[in-house]
Participant: 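One structure, pasted below without further comment.
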Amino acid sequence: MANRPAFFVNLDNAEHIKTINFDFEWYAGFSINQKRKSIQSLHESILYKYPQLKILEVSTKSECDLGEKLSAFNLMIHGKNNLAISVESAFQGSKVFEYGGPFTDIYTKSSKEAKKDPRIRNSGEIVGFKFFSREFELEPKTFFYDWLYINALCLYPNLIKQVLEYDVFTDIEFNPVKSINCQAKSLALFVSLYKKGLLNENNIKSKEAFKKTISISSDLTKYDTNQQLTLDDENLI
């Protein structure tokens, strides 16, 4: 047996996400078939308590094409000069450590290469993040990852329209004992903010405005899915 969180869209109050842990049968092994058996078991546990809800696995192991496209390994940030960076590579390459970083050459690497870059593990403790000209502190926890993921997702109106159909998000690769950032959690946050009418271009591009957006409810203009963010200015996103 294993225990993992599921992230529920919460429209009732200022707490945009409700996290609930579920026990389920874990199928050991690294093959995609074993991972998908574990996903199915986890989803069955969720549906046993919440049969009316629609669940999406967000990872490269997802059986759903949408869930695979929304993985941080596959979701790309596109900019000028044909620049394309996966969310995972952007996150890893933006880390600032005690003894180095950010290692921006990681931006050009594949997601797998970025995550396994030895400098990520051999440069001391993380002290912050710097994504091009924008600097981020370590607190609030997961803030930079959420900001990065949500800004990337806003480049894809077609994905946004599909993901709004779901109520709960999981990531079979996420273990809260080992890490704190989770693409499924970021996606649940996006859907909650969107459905509450708290997303527009101004309050997600600026980190200060985004911080206010996720901490308070206010009468903000809903994000227009026909409007795309770009990486054309000197600050990129």
Participant: How about Lys69 and Leu159: do any of their side-chain heavy atoms sit closer than 4.5 Å?
Facilitator: yes
Participant: Is Ser38 reaching over with its side chain to a backbone N or O of Trp26, donor-acceptor style, under 3.5 angstrom?
Facilitator: no
Participant: Roughly how far, to the nearest 0.5 Å, is OG1 of Thr170 from CD of Gln183?
Facilitator: 10.0 Å
Participant: Transitively linked via ILVMFWY side-chain contacts under 4.5 Å: Tyr166 with Val58?
Facilitator: yes
Participant: What heavy-atom pair brings Cys182 and Phe7 nearest, and what distance separates the two atoms?
Facilitator: SG-CE1, 3.6 Å
Participant: Are the side chain of Lys196 and the backbone of Asn10 linked by a donor-acceptor contact shorter than 3.5 Å?
Facilitator: yes
Participant: Would you check if Leu148 and Phe129 make a side-chain contact, meaning some heavy-atom pair closer than 4.5 Å?
Facilitator: no
Participant: Any non-hydrogen side-chain atom of Phe174 less than 4.5 Å from a side-chain atom of Arg4?
Facilitator: no
Participant: Test side chain to side chain contact (heavy atoms under 4.5 Å, CB included) on Ile39 and Phe24; report intermediate values, then the result.
Facilitator: CA-CA 9 Å; Ile39 293 168; Phe24 64 101; over 6 Å; no
Participant: Is there a donor-acceptor pair closer than 3.5 Å between any side-chain N or O of Ser215 and the backbone N or O of Lys212?
Facilitator: yes
Participant: With heavy-atom distances below 4.5 Å as the criterion, would you say the side chains of Phe190 and Cys154 are in contact?
Facilitator: yes
Participant: Are any side-chain N or O atoms of Ser45 and backbone N or O atoms of Ser41, one a donor and one an acceptor, separated by less than 3.5 Å?
Facilitator: yes
Participant: Identify the two heavy atoms, one from Ala90 and one from Ile85, that lie closest to each other, and give their separation to 0.1 Å.
Facilitator: N-CG2, 3.6 Å
Participant: Stepwise, does the side chain to side chain contact (heavy atoms under 4.5 Å, CB included) test hold for Asp23 with Asn3?
Facilitator: CA-CA 4 Å; Asp23 293 322; Asn3 183 277; 2.8 Å; yes
Participant: Please determine if Glu173 and Lys35 form a salt bridge, counting it only when a charged side-chain N lies under 4.0 Å from a carboxylate O.
Facilitator: yes
Participant: Determine the minimum heavy-atom distance between Ile77 and Leu155, stating which atoms define it.
Facilitator: CA-CD1, 4.0 Å
Participant: Would you confirm whether Lys109, through its side chain, and Lys115, through its main-chain N or O, come within 3.5 Å as a donor-acceptor pair?
Facilitator: no
Participant: Taking atom NZ as the centre, does Lys54 end up with more than 12 heavy-atom neighbours from other residues, nucleotides or ligands that are less than 6.0 angstrom away?
Facilitator: yes
Participant: To the closest 0.5 Å, what do you measure between CG (Leu56) and CD (Gln162)?
Facilitator: 9.5 Å
Participant: Check this for me: does any side-chain nitrogen of one of Arg119 and Asp105 sit under 4.0 Å from a carboxylate oxygen of the other?
Facilitator: yes
Participant: Out of Glu63, Glu68, His43, which residue meets the side chain to side chain contact (heavy atoms under 4.5 Å, CB included) rule with Glu57?
Facilitator: His43
Participant: Consider only side-chain heavy atoms of I, L, V, M, F, W and Y, link residues closer than 4.5 Å, and tell whether Phe103 and Val87 are in one cluster.
Facilitator: yes
Participant: Report yes or no: does Glu113 contribute a side-chain atom to a donor-acceptor pair with the main-chain N or O of Ser110 at less than 3.5 Å?
Facilitator: yes
Participant: I need the single residue from Phe91, Tyr107, Tyr145 that forms a ring-ring contact (aromatic ring centres under 6.0 Å, His included) with Phe131. Which is it?
Facilitator: Tyr107
Participant: Is NZ or CZ of Lys207 both nearer than 6.0 Å to the six-membered ring centre of Phe143 and within 45° of the ring axis?
Facilitator: no
Participant: Quick check against the 3.5 Å criterion: does Glu135 have a side-chain atom that pairs as donor or acceptor with the backbone of Lys130?
Facilitator: no
Participant: Hey, could you give me the CD1/CD distance between Ile126 and Glu98, rounded to the nearest 0.5 Å?
Facilitator: 10.5 Å
Participant: Kindly give the heavy-atom pair with the smallest separation between Asp146 and Ser186, and that separation in Å.
Facilitator: OD1-OG, 2.6 Å
Participant: Looking at side-chain heavy atoms only, is the closest gap between His16 and Leu198 below 4.5 Å?
Facilitator: yes
Participant: What I'd like to find out is whether the side chain of Arg134 reaches to under 4.5 Å of the side chain of Ser94, using heavy atoms alone.
Facilitator: no
Participant: Tell me if the CD atom of Glu15 is crowded by more than 12 foreign heavy atoms within 6.0 Å.
Facilitator: no
Participant: How long is the straight-line distance from CG of Asp167 back to OG of Ser192, given to the nearest 0.5 Å?
Facilitator: 11.5 Å
Participant: Roughly how far apart are Leu11 CG and Tyr194 OH, rounded to 0.5 Å?
Facilitator: 13.0 Å
Participant: Given Ile20 and Tyr50, is the side chain to side chain contact (heavy atoms under 4.5 Å, CB included) satisfied, shown in steps?
Facilitator: CA-CA 11 Å; Ile20 303 176; Tyr50 303 96; 3.4 Å; yes
Participant: Assess, by modelled atom type and distance only, whether the side chains of Ser86 and Glu88 contain a donor and an acceptor separated by less than 3.5 Å.
Facilitator: no
Participant: Would you mind checking if Lys185 and Asp171 are paired as a salt bridge, meaning a charged N to carboxylate O distance below 4.0 Å?
Facilitator: no
Participant: Between Gly67 and Ser62, which heavy-atom pair has the shortest distance, and what is it?
Facilitator: CA-OG, 3.8 Å
Participant: Do the side chains of Leu164 and Val168 join up, straight or via other hydrophobic residues, at under 4.5 Å, putting them in one cluster?
Facilitator: no
Participant: Determine, using the 4.5 Å side-chain heavy-atom cutoff (strictly less than), whether Ile17 and Phe22 are members of one ILVMFWY cluster.
Facilitator: no
Participant: Could you tell me if the side chain of Tyr149 sits less than 4.5 Å from the side chain of Leu75, heavy atoms only?
Facilitator: yes
Participant: In terms of side-chain heavy atoms, does Thr142 have a donor or acceptor partner in Asn181 at a distance below 3.5 Å?
Facilitator: no
Participant: Ignoring hydrogens and angles, tell me if any N or O in the side chain of Tyr156 forms a donor-acceptor pair with the backbone of Met76 under 3.5 Å.
Facilitator: yes
Participant: When you look at Glu208 and Ser206, which way does the side-chain hydrogen bond (donor to acceptor under 3.5 Å, both in side chains) test go after all the steps?
Facilitator: CA-CA 5 Å; Glu208 291 79 12; Ser206 161; 3.2 Å; yes
Participant: Using side-chain heavy atoms (C-beta onward) and a distance below 4.5 Å, is Thr213 in contact with Ile204?
Facilitator: no
Participant: Is there a side chain to side chain contact (heavy atoms under 4.5 Å, CB included) between Phe169 and Leu70? Walk through the geometry before answering.
Facilitator: CA-CA 11 Å; Phe169 301 93; Leu70 290 168; 5.9 Å; no
Participant: Please report the interatomic distance CD1(Ile214) to CD1(Ile150), rounded to the nearest 0.5 Å.
Facilitator: 7.5 Å
Participant: Side-chain heavy atoms nearer than 4.5 Å, only ILVMFWY residues, links allowed to pass through others: does that put Ile106 and Val96 together?
Facilitator: no
